[in-house]
Amino acid sequence: MSTTTAGCPECDGSLKQDGCETVCTHCGLVVGEDSIDRGPEWRSFEDEETDSARTGAPLTRSRHDRGLSTEIGRSTRLKGRKRRQMARLRRQHRRAQVSSKRERNQVYAFTEIRRIVGSLGLSAAIRDRACVLFESAQNEDLLQGRSLEGFAAATVYATCRTEGVARTVEELCRAARADPAELRAAYDALNRDLGLPTGPIDPREYVPRFASALDLPEEIRGRAEQLVAEARERGLVGGRNPAGVAAACLYTAAQERDGELTQAEAAEVADVTPVTLRATYTELQA
DNA sequence: ACGATTATTGCGTTCTT
DNA sequence: AAGAAAACAATAATCGT
């Protein structure tokens, strides 16, 4: 990896230097740095416990400490000084427990966030903001009953959206150890209790990335973006899956040229079905 | 909880080779 | 003629509000 004189390899957007890395201002892709994350402070979970079979670790899913916490019981036999001493012990034990629980969660979530961000090739700025967001969620007690993995995924997802470099829920879930339901549960909680400044996603945000995933020439990409604008004019964007709209515009643009691109291919990179693509495609034709 | 959008599946049609 | 791609239809699932 070296010099970056031209534009972003993904979308030809302009590049911006951000700390030690080079980031595309358009699609948020990190260009000038390898995606292996070797941050100092957190241990890596890469090797052990890959995906399935997270055997009984305290950090799995929502109930991180199910059955594993200890309590100091009360005894009626104790009197006076001994009794007060036990009460104090109990108090301290509880406090140590919650604070370490919080810490463990944070370590795990941050590690997970870093992993996701690295695997999606996103910037350090995104990563940091996602971490901050997670802390806010912790402060608001949003984690109760929801999965940590979901929050890790959701914070990255939310940050991408607010930064205008949106990824689809499917992309996030593929990179994260969470499914769409978990991500959504967490994301909804963030939105509701933290009031994220997230508007609807502009389909154009997806075009450059999808275009490059499909190896489409610059010309088609530009035309597709034009078509997105046109679709918006005609009210074909509202209420629809923006990724589907982006795929439809890409397909239409390719069709106008050589017709080498199939609906199925375009639909696949957008994580939608051909039927969905067709819905806006036919509208666009009319 | 509701209405609209999307996924899924299956099938007759059109286009390409 | 055969195979792929696009279109259409019906129902189930999911989304946005």
Side-chain angles (χ1 to χ4, degrees), chain A residues 61-62 133 137 140 142 145-147 149-207 209-211 213-217 220-221 223-224 227-286:
Chain A
R61 304 291 144 174
S62 45
L133 192 60
E140 296 297 317
L142 265 36
R146 300 188 256 262
S147 86
E149 288 84 353
F151 268 98
T155 51
V156 176
Y157 175 70
T159 308
C160 284
R161 283 191 62 156
T162 57
E163 296 296 302
V165 292
R167 309 285 123 149
T168 66
V169 172
E170 285 79 10
E171 284 174 302
L172 253 303
C173 289
R174 236 175 274 134
R177 301 184 209 272
D179 58 45
E182 288 175 302
L183 191 157
R184 197 189 159 161
Y187 179 70
D188 285 351
L190 290 176
N191 245 328
R192 177 159 23 81
D193 296 348
L194 257 40
L196 301 178
T198 40
I201 300 170
D202 186 335
R204 212 182 317 219
E205 284 181 39
Y206 288 130
V207 171
R209 224 151 30 81
F210 292 169
L214 291 165
D215 279 323
L216 296 174
I220 291 182
R221 193 209 79 202
R223 174 64 182 144
L227 286 168
V228 171
E230 191 182 317
R232 161 156 283 116
E233 302 275 318
R234 298 212 256 146
L236 303 178
V237 172
R240 294 190 177 170
N241 182 348
V245 175
C249 291
L250 240 11
Y251 173 73
T252 307
Q255 211 59 24
E256 288 172 356
R257 294 271 296 129
D258 43 21
E260 291 289 293
L261 180 67
T262 71
Q263 295 180 349
E265 289 166 336
E268 193 185 343
V269 300
D271 287 314
V272 297
T273 62
V275 184
T276 303
L277 184 158
R278 204 143 48 223
T280 51
Y281 168 63
T282 49
E283 290 272 338
L284 212 49
Q285 296 296 83

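The sequence lines fix the lettering, A, B, ..., with proteins before strands; numbering per chain opens at 1.
When distances run from any side-chain atom of A:Y251 to the nucleotides B:dT8, B:dT6, C:dA6, the shortest one goes to C:dA6. Closest to the side chain of A:R240, from the set C:dA9, C:dA7, B:dT6, is B:dT6.
Taking atom CZ on A:R192 and atom C1' on C:dT17, their separation rounds to 14 Å, with Å as the unit. Counting to the nearest Å, the P atom of C:dA9 and the CZ atom of A:R278 are 12 Å from each other. For A:E260 and C:dA4, the CD to P distance is 17 Å, given to the nearest whole Å. Computed from coordinates, the A:N191 CG to C:dC15 C1' distance equals 14 Å when rounded to whole Å.
At least one donor-acceptor pair under 3.5 Å links the side chain of A:R161 to the backbone N or O of A:G199. Of the possible polar contacts, none joining the A:R204 side chain to the A:A229 backbone as a donor-acceptor pair under 3.5 Å is found. The closest donor-acceptor contact from the side chain of A:R223 to the backbone of A:T252 lies at 3.5 Å or more, if one exists at all.
Proximity of A:L190 to A:F151: side-chain heavy atoms (C-beta onward) are separated by under 4.5 Å at one or more points.
Taking every heavy atom of residues 262-269 of chain A and every atom of DNA chain C, pairs under 4.0 Å involve A:T262, A:Q263, by number.
In this structure, A:R184 reaches the C:dC15 phosphate: one of its side-chain N or O atoms is under 4.0 Å from OP1 or OP2.
The two atoms that bring A:L284 and A:C249 nearest to each other are CD2-SG, 4.1 Å, heavy atoms only.
Residue-environment remark: CD (A:E268) stays at or below the threshold of 12 foreign heavy atoms within 6.0 Å.
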